[in-house]
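This report refers to the structure that appears directly beneath it.
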Amino acid sequence: MGARIIDGKVVAARVRAGVADGVDAFEEEHDTVPGLATVLVGADPASHVYVGNKIKACEEAGIRSFHHGLDADVSQADLLTLINNLNADDAVDGILVQMPLPDALDQDPVVAAIDSAKDVDGLTATSAGLLAQGRPNMVPCTPLGIMELLDEAATEVRGANAVVVGRSILVGRPMSALLTNASATVTVCHSRTRDLGSVCRGADILIAAVGSPRMVQGDWVKPGATVIDVGINRTDDGLVGDVDFEPAAEIAGAITPVPGGVGPMTIAMLLRNTLGAAKTRRHSAVQAV
Ligand code: NAP
């Protein structure tokens, strides 16, 4: 294997320690700690695990959690009322609504109802628009964490050819905006892209965010490229990414593993966004972490 393995667990631990220090300083200044409200609708087991991990990470960083578990048959109106109450609650600095919502609920108005100052998931149109305009406020946690991993891998982003496979609101689109803002030349691919392999072969930075096990082949990787695998796919072989790891790692210069690459960064950046939201809301003098 030629590639350097980018260890997301190590980078995430560093970010979380920095957030914990920032929370201590914030508490000294404001006599209160940042608060994150989590909203979980229904009983999806994976979503329960994700939200549980987020609450635990908050506790470890000194951030207060306010959890709201709602039955799957909650009405759209009641869910919107909860969001409005959280918007008005001064103890709440960040609001996270765990997606996906049950089919009976309409996700877009729920996201739109979140106060953009508390949009720690970066999913509102205001957050997306500011990011697209190159003046980001709240940025989705997974792509934000990927920028940290590129930094960790000492990957030169400015002027690099970056290929992002996937154009979701959660990952692909904000990822392409962050890379554009960092002066990469960005190509965004999706399910209608022709000859995906040859597009990927031109990438100095290759980001796979598809949700298709081992789809990105080793011979799609440019020698020396940095490969970031966002995919989390449960297979009979266990958890695998969107990149065929072993052959890709023979050719890449640096690569993230699955698990242990991008995954740990998402929660770390949620904590950082929550502290950032608290500081902005209270005009804190605490230094950025
Ligand atoms: P998503 O909303 O399903 O989007 C998938 C994207 O991949 C779409 O843009 C789709 O294109 C594209 N795509 C699908 N098949 C393709 C193909 N054959 N060739 C090229 N593009 C194709 O997924 P997501 O939310 O972005 O998540 C992507 C993966 O990342 C999933 O495995 C998810 O579990 C994982 N994830 C991980 C983390 C983490 O913390 N590690 C966080 C979020 C997501 P169209 O737009 O044309 O349909």
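Order of listing sets the numbers, starting from 1, for every ligand and every atom in it. Computed from a predicted structure; not experimentally measured.
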query = Are any side-chain N or O atoms of Asp204 and backbone N or O atoms of Ala162, one a donor and one an acceptor, separated by less than 3.5 Å?
reply = no
request  = Say whether, by atom type as modelled, one donor and one acceptor occur between the side chain of Asp242 and the main chain of Gly211 under 3.5 angstrom.
outcome  = yes
request  = Could you pull out the closest heavy-atom pair between Asp93 and Thr274, with the gap in Å?
outcome  = CB-O, 4.2 Å
For ligand 1, run through the N/O pairs with the protein that fall under 3.5 Å and put one pair on each line.
| residue | atom | partner | partner atom | Å |
| --- | --- | --- | --- | --- |
| ligand 1 | 9 (O) | Arg167 | N | 2.8 |
| ligand 1 | 11 (O) | Ser191 | N | 3.2 |
| ligand 1 | 21 (N) | His190 | O | 3.4 |
| ligand 1 | 21 (N) | Ser191 | N | 3.4 |
| ligand 1 | 26 (O) | Ser168 | OG | 2.5 |
| ligand 1 | 30 (O) | Val230 | O | 3.4 |
| ligand 1 | 32 (O) | Ile232 | N | 3.1 |
| ligand 1 | 40 (O) | Thr266 | OG1 | 2.7 |
| ligand 1 | 46 (O) | Arg167 | NE | 2.7 |
| ligand 1 | 47 (O) | Arg167 | NE | 3.4 |
| ligand 1 | 47 (O) | Arg167 | NH2 | 2.8 |
| ligand 1 | 47 (O) | Ser191 | N | 3.1 |
| ligand 1 | 47 (O) | Ser191 | OG | 2.5 |

inquiry  = Asp237 vs Arg214, test: salt bridge (charged side-chain N to carboxylate O under 4.0 Å, His left out). Steps then yes/no.
reply    = CA-CA 12 Å; Asp237 302 340; Arg214 301 195 183 100; 3.5 Å; yes
ask   = Between Asp244 (side chain) and Val216 (backbone), is there a donor-acceptor pair under 3.5 Å?
value = no
request  = Check step by step if side-chain hydrogen bond (donor to acceptor under 3.5 Å, both in side chains) holds for Thr81 and Asn84.
outcome  = CA-CA 5 Å; Thr81 299; Asn84 286 329; 5.7 Å; no
